[in-house]
> 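Input: one structure, supplied below.
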Amino acid sequence: MLFLMQLLVGLIQQWMVPSIQNSMKPFREMDFSRMVERLLKLAVPNHLIWLIFFYWFFHSSMNFVAELLQFGDREFYRDWWNSESVTYFWANWNIPVHKWCLRHFYKPMLKTGTNKLLAQTAVFLLSAFFHE
């Protein structure tokens, strides 16, 4: 966990911060072609850092805390990388949030007679609100 955290800090400091600092001049001058080029240059480190953070948080850190607390259910994510549909992805990339939304928001809405599509949209918007 410590190694991954240091790797994240190093990648951000050595790869992303210089790219962002180099992006300031095109943004001040409103040079759109260079602005797009600078933003696209950040796509690779952004994805790499996101994947390392995912592994660090969901796999390493949550399993460490679960071990300390002797928590038996350690299914924090399933095989979201094999998703063939958006529904499968959303249901499998963050199991604790998915189960909470189902139990406390989606199923109660269905029991009150809410349309399934409306309930799904409401759960999606609620999740988006809290993630942002």
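Just so we're clear, the structure is a prediction, and the values are computed from it rather than from any experiment. Starting from 1, each residue takes its place in the sequence as its number.
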> Spell out, yes or no, whether Val44 and Tyr55 are grouped together once hydrophobic residues are joined by side-chain heavy atoms under 4.5 Å, including indirect joins.
yes
> So Trp80 and Phe54, do their side chains get closer than 4.5 Å, heavy atoms only?
yes
> To the closest 0.5 Å, what do you measure between CD (Gln6) and CG (Leu4)?
10.5 Å
> Establish whether Met16 and Trp50 are linked, either directly or via other cluster members, by ILVMFWY side-chain heavy-atom contacts under 4.5 Å.
yes
> I'd like to know if the side chain of Thr87 pairs up with that of Ser85 as donor and acceptor (distance under 3.5 Å, no hydrogens or angles considered).
no
> Just by distance, no angles: are the side chains of Asn63 and Ser61 close enough, under 3.5 Å, to form a donor-acceptor pair?
no
> Any link between Leu2 and Met5 through a network of hydrophobic side chains (Ile, Leu, Val, Met, Phe, Trp, Tyr) touching at under 4.5 Å?
no
> Compare every heavy atom of Asn92 with every heavy atom of Ile95, then report the nearest pair and how far apart it is.
CD1-CA, 3.9 Å
> Please report the closest heavy-atom contact between Ala43 and His47, naming both atoms and the distance.
O-ND1, 2.8 Å
> Evaluate side chain to side chain contact (heavy atoms under 4.5 Å, CB included) for Met35 paired with Glu29, printing each intermediate quantity in order.
CA-CA 9 Å; Met35 285 168 53; Glu29 296 172 355; over 6 Å; no
> Heavy atoms only: give me the nearest Ala91-Arg78 pair and the separation to one decimal.
O-NH1, 4.1 Å
> Which value, rounded to the nearest 0.5 Å, describes the distance between Met62 atom CE and Leu69 atom CG?
11.0 Å
> Run the ring-centre check on Tyr88 versus Trp93 and record whether the distance is less than 6.0 Å.
no
> Quick one: sort the Phe57 and Phe53 rings into parallel, tilted or perpendicular, breaks at 30° and 60°.
parallel
> Hey, is the main chain of Pro18 close enough, under 3.5 Å, to the side chain of Asn22 for a donor-acceptor pair?
yes
> Do Ile12 and Leu48 share a hydrophobic cluster, counting only Ile, Leu, Val, Met, Phe, Trp and Tyr and linking them when any side-chain heavy atoms are less than 4.5 Å apart?
yes
> Do any N or O atoms from the side chain of Ser127 and from the backbone of Phe124 form a donor-acceptor pair under 3.5 angstrom?
no
> When rounded to the nearest 0.5 angstrom, what is the spacing between CG in Leu8 and CD in Gln13?
11.0 Å
> Is it possible for you to say whether Phe3 and Ile49 belong to one hydrophobic cluster, with membership spreading through side-chain heavy-atom contacts below 4.5 Å?
yes
> Do Trp56 and Phe64 pass the ring-ring contact (aromatic ring centres under 6.0 Å, His included) test, and can you show the C-alpha distance, the side-chain angles, and the key distance before you say yes or no?
CA-CA 10 Å; Trp56 172 80; Phe64 177 72; over 10 Å; no
> When you measure from the side chain of Asp79 to the backbone of Trp81, do you find a donor-acceptor pair of N or O atoms at a distance under 3.5 Å?
no
> Can you give me the closest heavy-atom contact between Pro26 and Ser23, atom names plus distance?
CD-O, 3.2 Å
> So which residues get pulled into Leu126's cluster when ILVMFWY side chains under 4.5 Å apart are joined, directly or through others?
Trp100, Leu102, Phe105, Tyr106, Met109, Leu110, Val123, Phe129, Phe130
> Side chains of Leu42 and Trp15, heavy atoms from C-beta outward: is any pair under 4.5 Å?
no
> How many angstroms lie between CD1 in Ile52 and OG in Ser60, if you round to the nearest 0.5 Å?
11.5 Å
